[in-house]
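First comes the structure, then the notes that go with it.
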Number of protein chains: 2
Amino acid sequence: MSAADQIFAMLKESSQSGAPLYLQLRKSIEEAVNRGLIGPGDALPSERDIASKADISRVTVRKAVQDLVKGGILVQRHGSGTFVAPRMERVEQSLSRLTSFTEDMARRGMTVRSVWLDRGLYAPSPEEMMVLGLSSTELVARVARLRIANDTPLAIERASLSASVLPDPEAVGSSLYAALGMTGNRPVRAVQRISATNLGDADARLLEVPPGVAGLQIERISYLASGKVIEFTRSVYRGDAYDFVAELRLTEPGEEIRP
Amino acid sequence: MSAADQIFAMLKESSQSGAPLYLQLRKSIEEAVNRGLIGPGDALPSERDIASKADISRVTVRKAVQDLVKGGILVQRHGSGTFVAPRMERVEQSLSRLTSFTEDMARRGMTVRSVWLDRGLYAPSPEEMMVLGLSSTELVARVARLRIANDTPLAIERASLSASVLPDPEAVGSSLYAALGMTGNRPVRAVQRISATNLGDADARLLEVPPGVAGLQIERISYLASGKVIEFTRSVYRGDAYDFVAELRLTEPGEEIRP
DNA sequence: GCCGAATAATACCAATAAAATACCAATAGC
DNA sequence: GCTATTGGTATTTTATTGGTATTATTCGGC
C-alpha cells in the first residue's frame, strides 16, 4: 500500500514536535486526504496496522481517527474498516456568528493597534441619558479609540457607560470588556444595529478618506444579566476597507453514509 | 509556540516599568489576545511554563491570569489548561436565519411590495462562472427586483442561479426560496458579507436618492447540503432607511470550549 | 517606628488528558 | 455455521494541568 506508506512517512516527518501523538497522527492523515493520496471511498490501513507501524498504541490511533470521523472526513464501519468519506463538503464547525474586529483582522494576517481619542468623564448628552438611564446629575464615561490595521485607520469606536460602572476611564486597558468584567459588570447580551452612513468631515479625516465616503455604522447596546443597559457603543468602519462576514446555517446535515 | 514566544517578548519589553509584575504580565497577555496573536479557543502556555520562562513565581502568573478569567478574557479548565475565551458575539436573531426580505419587513409591521427589474436566462459573467461553478456553455438565471416598503423603495436584490436549478425564472413568485424548495434545492448554509458602498447613478435613481448616498451592500452565497453553491445574491439597501438588527448573546465565563 | 495591605514565593492537593492494556462485538470470507 | 479481521469499549497508569493553603516580603500611610 503506497498510500499507507506515505502516511507513515509523513507521520515520521512530523514526529519531532512536542505535540501529542494523536494530534500529529491526525494531521498526517488529514494531509494525506487533502493531497489526494487517499481518495473518497478508499480504505485506511486498519487501526492495528497503523498502530504497529507507527509504534504507538492502538487507542492513540483511534483517538486521531475518531476526531476525523467526527469532522466528517472519515467513515468507519464496525468489522469492515475505516474509509475516506465520500466527497461531501467539510462540515463547518463554526455556528452562525459574527466575527469580531480583532479576530477577523488576525485571520487576515494584519496587525492591529489602537490609538486613544478620548477617555474621560462628562456630563451626559440627552441621548446618553435616555439609553443608559442616567439623571442629569450623574456623569458618563466616554471611551473612544481609532482602530488601525497595518497602518491603515479602519474604524472609530466610541463607547459610553455610566460613570458608576467605570469610574476611572483612564485605567481602561486594551479591552473595555475586560475592565468591565473585572468589576463584575460583564454584559451578557447585546443588540446591534448595522447601517450605512456617509462619513462626516471629522470622522473622514480620522479615517483618512474624503468626506462623504460610505461607512459601516454599528450601534450596540449591551445589557447586564439583570437586564440593565451597561454600555452604548457607536462604531464607524471604513466602507472601502472592511466588511462584516457572517456565516449562517439552517439545519444540521445528515450523518448517515452507507455504501 | 510562536504566539507564546511573542507573549514572552512583550513581557520582556514592558518589564522595565516599576509596575507590579502581575500587572505587567496581565497587560502583556491582554494585548496578545487583543491583537490576535492568540485567538479564541487557543491555549495559553501552562502557568508553570509562563512562570519559568518569565522567571517569576507561578502564583504571580496565576494572579494575572485569574484577573483575566474574571474579566471573561480567558477560560480555565482544571487539569486541562487555560484558553482564550470564545469571542462574545453569537448571532441569535435575524442574521442567524435565512429570512427573506418579506418576512423581515413584516416583522417590523411594514407592507411590502416588489417590482421586477429582471427575470431571465443569460450567458454567465466571469464572476458568475467562478462563484456558481458554471461552464461558459451553461446559462445563468438572473432574478432582480426592487423592494418597496410602505411606498418607499428600500432595496435592490439581484440573484444569480444556475439555470439547471431554476430553468424558468419567469415562474418565480413572490419568494425565491419557495421556488427553490419545491424543486428540492433548499439552501442550508450561507456566507454573507456586509459592507458599505456609495450608490451609483443607476441604483440611486431606482432607490430615489441622490447619487453617492451610502448604501448597505450584502453579498450572499448560499449552499446546498451537498456543499454545492446554489445561489449568489447581491443586494443594496438604502443606508438611511434600513438597518440590520442582530441580537447577540455574549459568552458566559463557564461556557464549554473544546480544542 | 509600626501596622496593614498588597505583592510574591513555597509546598502540596485535585482534576484532566494522554497513552497503554486487555477484552467485547460486528462484519466479511470461507 | 466457523474464523480471522475489523472497529468498539472499559479500565488503569502516568504526566501535566489548574487550585489552594500557608508563609515571607515589600511598600505606603499613620
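Quick note on labels: first sequence line is chain A, next is B, and so on, each numbered from 1.
Between A:Ile230 and the choices A:Leu132, A:Val165, A:Leu166, the side-chain contact (heavy atoms from CB on, under 4.5 Å) rule is met once, by A:Val165.
In this structure, A:Leu68 places its CG atom 16 Å from C1' of D:dG7, rounding to the nearest Å. The interatomic distance linking A:Arg62 (CZ) with D:dA10 (C1') rounds to 12 Å, in whole Å. Between the CG atom of B:Leu74 and the P atom of D:dG18 there is a distance of 11 Å, given to the nearest Å. Remark: P of D:dT6 and CD1 of A:Ile50 are 11 Å apart, rounded to the nearest angstrom. A straight line from CD of A:Gln66 to C1' of D:dA10 spans 14 Å, rounded to a whole angstrom. Straight-line distance from the CZ atom of A:Phe83 to the P atom of C:dT27: 12 Å, rounded to whole Å.
A cation-pi arrangement, defined by a distance under 6.0 Å to the six-membered ring centre and an angle within 45 degrees of its axis, is absent between A:Arg220 and A:Phe232.
A salt bridge between A:Glu127 and A:Arg234 is present, with a side-chain N of the basic residue lying under 4.0 Å from a carboxylate O of the acidic one.
Comparing B:Gly81 and A:Glu47 against DNA chain D, the residue whose closest nucleotide sits nearer the 5' end is A:Glu47.
Taking side-chain N and O atoms only, B:Gln76 has no distance below 4.0 Å to OP1 or OP2 of D:dT17. For the OP1/OP2 pair of D:dT6 and a distance below 4.0 Å, the side-chain nitrogens and oxygens of A:Arg77 include no atom meeting the criterion. Not one side-chain nitrogen or oxygen of A:Thr82 sits closer than 4.0 Å to the OP1 or OP2 atom of D:dT6.
A:Ile148 is not listed as a side-chain neighbour of A:Thr152, based on a closest heavy-atom distance of 4.5 Å or more.
With hydrogens and angles left out, the side-chain atoms of A:Glu30 and A:Ser28 include no donor and acceptor closer than 3.5 Å. Side-chain contact of A:Glu47 with A:Gln66: a donor-acceptor pair under 3.5 Å is absent, judged by distance alone.
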> When you look at A:Arg158 and A:Ile156, which way does the side chain to side chain contact (heavy atoms under 4.5 Å, CB included) test go after all the steps?
Replying inline: CA-CA 7 Å; A:Arg158 298 179 219 270; A:Ile156 304 168; 3.7 Å; yes
> Can you check salt bridge (charged side-chain N to carboxylate O under 4.0 Å, His left out) on A:Asp203 and A:Arg238, steps first, answer last?
Replying inline: CA-CA 10 Å; A:Asp203 287 356; A:Arg238 262 175 69 164; over 6 Å; no
>> I need a per-nucleotide contact map over nucleotides 4-15 of chain C, read 5' to 3'. Cutoff is protein heavy atoms under 4.0 Å; write B for the base, S for backbone only, - otherwise.
In response: ---SSBB-B-BB
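Fit an axis to the five pairs at each end of the helix from C:dG1-D:dC30 to C:dC30-D:dG1 and the two axes sit 20° apart, to the nearest 10 degrees.
Legend: residues meeting salt bridge (charged side-chain N to carboxylate O under 4.0 Å, His left out) with A:Glu128, ordered by chain and number and at least two apart, are A:Arg142.
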